Amino acid sequence: MKNTTIHDCKLIELPRMYDRRGSLTYIYNSDHIPFDIVRTYYLYDVPGGESRGGHAHTELQQLIVAVMGAFDVILDDGTEKKTVRLERAYYGLYVPRQIWRELINFSSGANCLVLASMSYEEAEYIRNYDTFTEIKRK
Ligand code: TYD
């Protein structure tokens, strides 16, 4: 299977319906994102200065959306890193399998929506950075 890099992570512009009443964004499996959504979760009430993530996944793919407020996502493939700031509810950051990610610099009241390709399985998390870089070197 392909060894993923940060260049496989991409910002996806989502459909946006807007009029004087406000904006609406919708997401369909496969149509707007390259996987089928199995699970949705969201991060909120993140205290100032806190970070989330700090791990990779063996198989899981995700789309990360700042539905409210803003935060930075640091992406790392073991060789290269890049930081993507999410601050619009109509952009999603696609993160494929085996990319280390950390979410930092949450604005006050930020809400982070995550669409995931799999159920929660702790065994599928890579939480140790040295283990991650070893896997990427193989
Ligand atoms: P954790 O993976 O530490 O969150 P982060 O995205 O910041 O790395 O998850 C926090 C806790 O929530 C941990 O005990 C696992 C649990 N959890 C679930 O039970 N189901 C889920 O879908 C997720 C994402 C986490």
Side-chain angles (χ1 to χ4, degrees):
M1 214 182 283
K2 182 182 186 296
N3 193 356
T4 54
T5 75
I6 55 167
H7 303 288
D8 299 311
C9 301
K10 54 187 184 212
L11 264 185
I12 296 176
E13 186 169 357
L14 301 165
R16 178 166 57 133
M17 313 296 291
Y18 56 97
D19 58 38
R20 60 179 178 77
R21 300 168 301 156
S23 296
L24 179 154
T25 286
Y26 55 90
I27 302 170
Y28 274 86
N29 280 341
S30 312
D31 250 6
H32 303 114
I33 54 176
F35 60 85
D36 283 345
I37 302 159
V38 169
R39 176 172 51 117
T40 301
Y41 66 92
Y42 35 97
L43 301 169
Y44 50 97
D45 292 348
V46 179
E50 273 301 340
S51 64
R52 303 291 314 215
H55 55 68
H57 294 272
T58 318
E59 290 303 329
L60 181 89
Q61 305 170 67
Q62 292 180 324
L63 187 86
I64 303 175
V65 184
V67 286
M68 175 81 108
F71 49 85
D72 292 326
V73 186
I74 304 170
L75 301 163
D76 179 349
D77 59 21
T79 305
E80 280 185 276
K81 282 189 194 194
K82 74 174 171 187
T83 301
V84 179
R85 182 143 186 94
L86 294 180
E87 54 190 350
R88 298 280 177 224
Y90 55 90
Y91 275 101
L93 176 63
Y94 170 66
V95 183
R97 57 198 279 280
Q98 299 187 1
I99 298 291
W100 191 272
R101 90 292 311 276
E102 192 174 358
L103 281 62
I104 60 166
N105 294 335
F106 282 83
S107 68
S108 158
N111 287 351
C112 168
L113 173 69
V114 182
L115 309 179
S117 66
M118 291 174 59
S119 303
Y120 171 73
E121 280 176 37
E122 184 56 38
E124 180 282 329
Y125 276 67
I126 308 163
R127 293 197 185 270
N128 179 287
Y129 189 74
D130 292 337
T131 308
F132 171 69
T133 53
E134 267 170 43
I135 291 169
K136 295 306 267 184
R137 272 199 297 268
K138 274 182 197 153

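All values below were derived from every heavy atom in this structure, side-chain atoms included, with hydrogens, water molecules and symmetry-related copies excluded. All ligand and atom numbering here is 1-based and tracks the order in the structure. What you see is a predicted model; the values in this text were computed from it and never measured.
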Carboxylate-amine/guanidinium proximity below 4.0 Å for Glu122 and Arg127: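 Yes.
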Heteroatom proximity flag, Gly53 to ligand 1, N/O under 3.5 Å: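 Min N/O separation from ligand 1 is below 3.5 Å for Gly53.
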Quiz item: cation-pi between Arg88 and Tyr90, 6.0 Å / 45°: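 No, Arg88 does not lie over the aromatic ring of Tyr90.
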For ligand 1, the portion of Arg127 having any non-hydrogen atom under 4.0 Å away: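 Just the side chain.
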Part of His55 within contact of ligand 1 (heavy atoms, under 4.0 Å):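 Within the 4.0 Å criterion, His55 contacts ligand 1 through side-chain atoms alone.
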Give every donor-acceptor pair under 3.5 Å between a side-chain atom in residues 103-115 and any protein atom, sequence neighbours left out.
unit_1, atom_1, unit_2, atom_2, d
Asn105, ND2, Asp72, OD2, 2.7
Ser107, OG, Ala70, N, 2.9
Ser107, OG, Ala70, O, 3.4

Quick one: look up the protein heavy atom nearest [atom] and list residue, atom name and how far away it is.
atom: atom 21 (C) of ligand 1; answer: Arg39 NH1, 3.3 Å
atom: atom 15 (C) of ligand 1; answer: Tyr120 OH, 3.2 Å
atom: atom 4 (O) of ligand 1; answer: Arg52 NH2, 3.1 Å

Any protein heavy atom < 4.0 Å from atom 11 (C) of ligand 1: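 Flag for atom 11 (C) of ligand 1 set to false, no protein heavy atom closer than 4.0 Å.
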Element-labelled atoms of ligand 1 that are located less than 4.0 Å from some non-hydrogen atom of Tyr125: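 Near Tyr125, meaning under 4.0 Å from one of its heavy atoms, ligand 1 has 2 (O), 24 (C).
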Per-atom contacts of ligand 1 with Tyr41, taking only distances under 4.0 Å to non-hydrogen atoms: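 Numbered from 1, ligand 1 contributes 24 (C).
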side-chain hydrogen bond (donor to acceptor under 3.5 Å, both in side chains) contacts in which one or both residues fall within residues 26-39, not counting sequence neighbours: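 Listed by first then second residue: Ser30-Asp36.
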Main-chain N/O of [Y] paired with [X] side-chain donor or acceptor, under 3.5 Å:
X: Lys136; Y: Gln98; result: yes
X: Arg101; Y: His55; result: yes
X: Glu124; Y: Leu60; result: yes

